[in-house]
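As structure tokens, the structure follows; a few thoughts come after it.
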Amino acid sequence: MAKKPTSDENGIMNPKPRRISLWAWLRGRFLAGMVIAAPIAITFYVLQFLINFIDNRVKPLLPPVIQPETYTNYAIPGFGVLVMIVALTILGGVATNLIGRSVISAADRILSRLPIVRNVYAAFKQLTEVIANNQQSSYDRVVLIEYPKRGSWCIGFVSTGAKGEIRTRLGEGYIGVFVPTTPNPTSGFLMYVKTEECIEMDMTIEEGAKMILSAGLVVPDHFSDDTDDQRSLPLPDEGAEKLAKKA
């Protein structure tokens with residue numbers, strides 16, 4: 001005998017709940033497990049690749065007396081990484097004294113004068129200096145700018161105020177905004193726009209980068225009581241002072 005549909009308090013007939021097939025149930029559980037396991041597996045794969053990459057290039061430079069394979073029947077993964085960390089730490093310690101600074105300065109002058117090497121060396125040197133001094137050279141905050149046409153908005157990172165010739169040509173009130181591309185936030189283009197044409201966001205640089213990286217799928221939560229459509233945007237040099245006052 002077939003089961004009759006049930007009714008609620010208002011007398012409305014409720015439809016019979018749809019039964020999920022075994023194949024649909026298994027497929028849903030498989031996709032759920034893949035979503036959980038995929039980030040973990042990719043993380044371990046990347047770490048394994050980096051460790052093996054460093055080991056294969058550091059270990060051949062070591063004398064056999066300090067290699068673990070000399071005393072054991074198996075290789076110790078990550079030994080090359082450990083040696084590299086120790087070597088870089090020693091190099092950093094040597095570079096802080098007078099003799100080390102003199103040697104590094106001499107090497108820097110030599111590499112900066114070589115015809116082909118100087119271009120590559122200067123680019124990577126500038127990149128590493130920006131990464132090392134991230135507290136002074138990092139992006140200031142996240143903004144929205146109207147691009148590429150009116151009514152279309154994209155996310156940008158405020159880098160610095162207009163300086164030098166750009167400030168002379170454009171005038172006061174312009175800021176540099178780096179507009180990253182999706183899904184690679186490290187590439188993009190630099191735009192100079194007026195501060196009043198930007199909308200300041202509450203999200204952090206990390207949250208903005210995650211949003212770019214995920215093509216808008218990862219959006220940070222936002223709870224605000226502000227009624228203004230657009231807040232006043234201070235210049236990058238003034239942003240740090242306002243944050244210090246709030247702290």
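Sequential numbering from 1 along the given sequence is applied to the chain's residues.
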L144 side chain reached by C198 side chain, heavy atoms, under 4.5 Å = no
Tell me, with the steps shown, if V177 and Y192 meet side chain to side chain contact (heavy atoms under 4.5 Å, CB included).
-> CA-CA 6 Å; V177 179; Y192 284 91; over 6 Å; no
Taking E207 for its side chain and V219 for its backbone only, find out whether a donor-acceptor pair lies under 3.5 Å.
-> no
Hey, does L114 have a side-chain heavy atom less than 4.5 Å from the side chain of Y121?
-> no
Closest approach of G156 and P180, non-hydrogen atoms and distance?
-> CA-CD, 4.3 Å
Ignoring hydrogens and angles, tell me if any N or O in the side chain of S152 forms a donor-acceptor pair with the backbone of P148 under 3.5 Å.
-> no
Salt bridge check: are E206 and K210 linked by an N-O gap of less than 4.0 Å?
-> no
Where E172 and K194 come nearest, the two heavy atoms and their spacing = O-NZ, 3.7 Å
Does any N or O in the side chain of E146 come within less than 3.5 Å of the main-chain N or O of E197, such that one atom is a donor and the other an acceptor?
-> no
S159 side chain to G176 backbone, donor-acceptor under 3.5 Å | yes
So CD of E200 and CG of D202: to nearest 0.5 Å the spacing works out to 7.0 Å
Determine whether M34 and L26 fall in the same hydrophobic cluster, where Ile, Leu, Val, Met, Phe, Trp and Tyr are linked whenever their side-chain heavy atoms lie under 4.5 Å apart.
-> no
Is the F189 to Y147 ring centre distance short of 6.0 Å?
-> yes
Check whether any side-chain heavy atom of M203 sits under 4.5 Å from a side-chain heavy atom of R141, and report yes or no.
-> no
Going by heavy atoms in the side chains, are V46 and L50 under 4.5 Å from each other?
-> yes
Heavy-atom pair of closest approach, residues I212 and T182 = O-CG2, 3.1 Å
Calculate, to the nearest 0.5 Å, the distance between atoms CH2 and CG belonging to W25 and L22 respectively.
-> 7.5 Å
One should read off an interatomic distance between Q67 CD and L62 CG, to the nearest 0.5 angstrom, of 5.5 Å
Step by step, would you call I155 with V142 a side chain to side chain contact (heavy atoms under 4.5 Å, CB included)?
-> CA-CA 7 Å; I155 293 179; V142 183; 3.6 Å; yes
Once you round to the nearest 0.5 Å, how far does CZ of R113 lie from CG of D108?
-> 10.0 Å
Any chain of hydrophobic side-chain contacts (each under 4.5 Å) joining I54 to L88?
-> yes
Look at the side-chain heavy atoms of Ile, Leu, Val, Met, Phe, Trp and Tyr, link any pair under 4.5 Å apart, and say whether L61 and I66 land in one connected group.
-> no
More than 12 heavy atoms from other groups under 6.0 Å of CG on L31 | yes
Distance-minimising heavy-atom pair for G188 and T181 = CA-CG2, 3.9 Å
I85 and V83: same hydrophobic cluster, using ILVMFWY side-chain contacts below 4.5 Å?
-> yes
Side-chain donor/acceptor of D55 to backbone N/O of V81, under 3.5 Å | yes
Indicate yes or no: at least one non-hydrogen side-chain atom of I199 is less than 4.5 angstrom from one of W153.
-> yes
Treating Ile, Leu, Val, Met, Phe, Trp and Tyr as nodes and any side-chain heavy-atom pair under 4.5 angstrom as an edge, say whether V103 and I110 lie in one connected cluster.
-> no
Which heavy atom of V58 sits nearest a heavy atom of G80, and at what distance?
-> CG1-O, 3.7 Å
Separation between CG of L47 and CD1 of I42, rounded to the nearest 0.5 Å = 12.0 Å
N56 (side chain) donor-acceptor with N52 (main chain) under 3.5 angstrom | yes
Going from CE on M201 to CE on M211, what distance comes out if it is rounded to the nearest 0.5 angstrom?
-> 7.0 Å
Taking it one step at a time, do R167 and Y174 satisfy side chain to side chain contact (heavy atoms under 4.5 Å, CB included)?
-> CA-CA 7 Å; R167 182 176 181 179; Y174 280 86; over 6 Å; no
